[in-house]
Colleague: 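Attaching a single structure in structure tokens format; questions to follow.
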Protein chains: 2
Amino acid sequence: MNIILSHLKIQVNEKIYVKDPETSPLGKKIVEQSILLIDEIGFDNFTFKKLGEKIGSNESSIYRYFENKHKLLVYLSSWYWSWMEYKLVFATTNILDPTEKLNKAITIVTEKVTNDTSTEHINEAILNKIIIAEFTKTVQTKEVDQENKEGFFLIYKRVINRIVGIVKEVNPEYPFAKSLVSTIVEGSLHQHFLTEHLKTITDCNESVSTTEFYLNLTTNVLR
Amino acid sequence: MNIILSHLKIQVNEKIYVKDPETSPLGKKIVEQSILLIDEIGFDNFTFKKLGEKIGSNESSIYRYFENKHKLLVYLSSWYWSWMEYKLVFATTNILDPTEKLNKAITIVTEKVTNDTSTEHINEAILNKIIIAEFTKTVQTKEVDQENKEGFFLIYKRVINRIVGIVKEVNPEYPFAKSLVSTIVEGSLHQHFLTEHLKTITDCNESVSTTEFYLNLTTNVLR
DNA sequence: TCATTATTGATAGTAATACTATTATATTTG
DNA sequence: CAAATATAATAGTATTACTATCAATAATGA
């Protein structure tokens with residue numbers, strides 16, 4: 001996995017950035033350090049000025065890569081889901097049994113990411129923390145319909161629908177495949193958040209438990 | 001229901017506001033009109049200055065009721081979940097069969113709110129729209145642990161755990177009652193959002209469908 | 001290698017946001 | 001009617017979220 005990914009460039013919709021951050025050292029530094037800073041102070045308190053100070057670079061230079069911090073978060077999310085899609089594809093290819101394939105897929109999307117080192121400048125474990133804490137903010141805006149039209153959430157929707165395909169293999173009769181998968185993917189992020197902050201309304205406590213919960217749920221729903 | 005609620009004062013944690021908005025006409029106006037304005041322009045674009053202009057009142061007067069717009073949203077959410085708790089209690093009281101009671105409870109929390117007129121100055125249907133679009137923002141902040149300690153999310157957690165109790169009546173063996181219920185409650189908000197904005201990753205299309213999906217899911221999971 | 005071009009940095013500036021403070025003016029209540 | 005309270009008006013500050021301009025540096029290619 002690590003070997004394969006190190007040769008792959010994660011594809012992100014061009015409209016999300018002003019200049020592709022993958023094309024320069026400064027761009028990579030922006031992506032790398034923004035992940036650390038957002039994790040540290042939270043997206044709401046994050047500003048390009050603070051990021052500039054952190055990377056010893058000018059605020060205005062960052063604006064040459066991203067229009068605003070919202071777009072940067074959309075970029076990080078797209079990168080994350082694109083990376084997740086690779087993980088999904090590689091993990092489920094060659095598995096013939098649909099149930100086994102689905103279990104594998106659910107495990108991949110619901111488990112907490114720890115210490116994946118497939119890319120040099122992106123810390124996937126911390127990016128996963130950001131997605132857990134901030135992902136819904138990328139869609140929950142007044143501009144969602146416009147941005148959806150422009151393809152900002154394409155990769156996310158593709159990940160969902162890829163798993164929907166597997167669900168349909170397991171049980172073609174089940175009428176809520178899309179809602180089930182979107183509930184699992186978004187819900188598992190939420191469960192990880194609850195595990196961390198609102199422990200009294202979740203049973204999940206370690207990485208494995210969230211996955212267990214959703215594997216159990218899926219099995220019961222589709223049988 | 002309407003008659004009963006008109007005599008009830010929804011209780012909200014005192015720490016959320018500077019001055020209880022229920023105690024004055026201006027306070028009520030702030031609550032009433034903030035719901036309309038947040039629905040109209042979105043929470044991110046909402047400011048106390050704009051609200052002041054809308055209600056023909058001064059920005060500084062609003063600050064005497066709420067420290068900042070985040071606290072106002074927490075107040076609106078608390079009000080919503082408190083109101084939801086009343087609906088839950090009244091709808092499930094006197095139902096003896098646990099399964100029937102659970103189905104009723106799930107229907108209440110997952111269905112879209114339409115035209116409830118139990119309180120004069122709060123439009124519950126529009127408040128429901130705000131909760132669908134903005135609720136996660138009340139918890140997904142860097143201050144969540146501190147605010148949780150201060151009891152900001154108590155009512156929300158109580159609603160969840162009330163339903164958890166019913167789940168345990170239906171199936172005491174099921175090991176993920178809390179995660180199931182928090183997934184349903186948060187997930188149904190998300191499904192309503194998807195129905196409105198990202199239709200390709202949900203099967204829900206009208207109010208009834210989201211409820212159907214979760215009723216079906218719960219039945220399958222708990223049997 | 002030198003000239004061109006692209007990239008980054010530094011500085012300045014604007015409008016809006018998120019408040020706080022002060023004082024004046026109503027309004028309520030005892 | 002006086003005292004207390006609530007609201008409005010105005011002003012002011014620090015920060016945010018940018019945009020614009022120009023200088024300095026680095027990369028490239030003829």
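Nothing here was measured: the structure is a model prediction, and the numbers come from that model. Throughout, a chain's letter reflects where its sequence line sits, starting with A, and its residues are numbered from 1.
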Colleague: Hydrogens and angles aside, do A:His121 and A:Glu22 bring a side-chain donor and acceptor to less than 3.5 Å of each other?
Modeller: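 Yes, because at least one side-chain N or O of A:His121 sits under 3.5 Å from a partner of the opposite role on A:Glu22.
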Colleague: Do you know the tightest heavy-atom contact between B:Thr195 and B:Cys204?
Modeller: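 Heavy atoms only, the tightest pair is OG1-O, 3.1 Å.
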Colleague: How close do A:Asp203 and B:Ala177 get, counting heavy atoms only, and between which atoms?
Modeller: OD2-N, 3.3 Å
Colleague: Quickly, which of A:Val113, A:Val159, A:Ile155 forms a side chain to side chain contact (heavy atoms under 4.5 Å, CB included) with A:Tyr80? Name it, please.
Modeller: A:Val113
Colleague: Going by ring pair (Phe, Tyr, Trp, His ring centres under 6.0 Å), B:Trp81 matches just one of B:Tyr75, B:Tyr86, B:Phe152, B:Phe135. Which one?
Modeller: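 The ring pair (Phe, Tyr, Trp, His ring centres under 6.0 Å) with B:Trp81 is passed solely by B:Phe135 among B:Tyr75, B:Tyr86, B:Phe152, B:Phe135.
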Colleague: Do any side-chain atoms of residues 37-46 of chain B form donor-acceptor pairs under 3.5 angstrom with protein atoms, and if so which ones, sequence neighbours left out?
Modeller:
{"residue": "B:Asp39", "atom": "OD1", "partner": "B:Lys129", "partner atom": "NZ", "Å": "3.3"}
{"residue": "B:Glu40", "atom": "OE1", "partner": "B:Lys54", "partner atom": "NZ", "Å": "3.3"}
{"residue": "B:Asn45", "atom": "ND2", "partner": "B:Ile41", "partner atom": "O", "Å": "2.9"}

Colleague: Can you find a side chain N or O atom of A:Ser24 that sits less than 4.0 Å from OP1 or OP2 on C:dT8?
Modeller: yes
Colleague: Between B:Thr200 and A:Lys157, what is the shortest heavy-atom contact and its length?
Modeller: OG1-CD, 3.4 Å
Colleague: Strictly below 4.0 Å, heavy-atom distances to any atom of DNA chain D: list the hits from residues 140-150 of chain A, or just say none.
Modeller: none
Colleague: Below 4.5 Å, heavy atoms only, C-beta onward: do A:Val144 and A:Phe153 meet side chain to side chain?
Modeller: yes
Colleague: Please determine if A:Lys28 and A:Glu32 form a salt bridge, counting it only when a charged side-chain N lies under 4.0 Å from a carboxylate O.
Modeller: no
Colleague: So A:Tyr65, base contact, sugar-phosphate only, or nothing? Heavy-atom distance under 4.0 Å.
Modeller: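 The residue A:Tyr65 makes sugar-phosphate contact but no base contact.
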Colleague: OP1 or OP2 of C:dT8 sitting under 4.0 Å from any side-chain N/O of A:Ser57?
Modeller: no
Colleague: Tell me whether the centres of the aromatic rings in A:Phe213 and B:Phe176 are closer together than 6.0 Å.
Modeller: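 Aromatic pair counts; centres sit under 6.0 Å.
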Colleague: Shortest non-hydrogen contact from A:Gln191 to B:Ser182?
Modeller: NE2-OG, 2.9 Å
Colleague: Got a sec? Which of residues 31-43 of chain A come in under 4.0 Å of DNA chain D, heavy atoms?
Modeller: none
Colleague: Kindly give the heavy-atom pair with the smallest separation between A:Asn123 and A:Ile35, and that separation in Å.
Modeller: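 Looks like O-CG2, 4.4 Å.
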Colleague: Within the 4.0 Å limit for protein heavy atoms, which parts of nucleotides 15-30 of chain C are touched? Write it as a string from 5' to 3', B for base, S for sugar-phosphate only, - for none.
Modeller: --SSBBB---------
Colleague: Can you tell me which residue pairs pass the side-chain hydrogen bond (donor to acceptor under 3.5 Å, both in side chains) test with a partner in residues 104-113 of chain A, sequence neighbours excluded?
Modeller: A:Thr110-A:Thr211
Colleague: Check every nucleotide of DNA chain D for an atom under 4.0 Å from a heavy-atom of chain B, then give the first and the last such nucleotide from 5' to 3'.
Modeller: D:dA6 to D:dT10
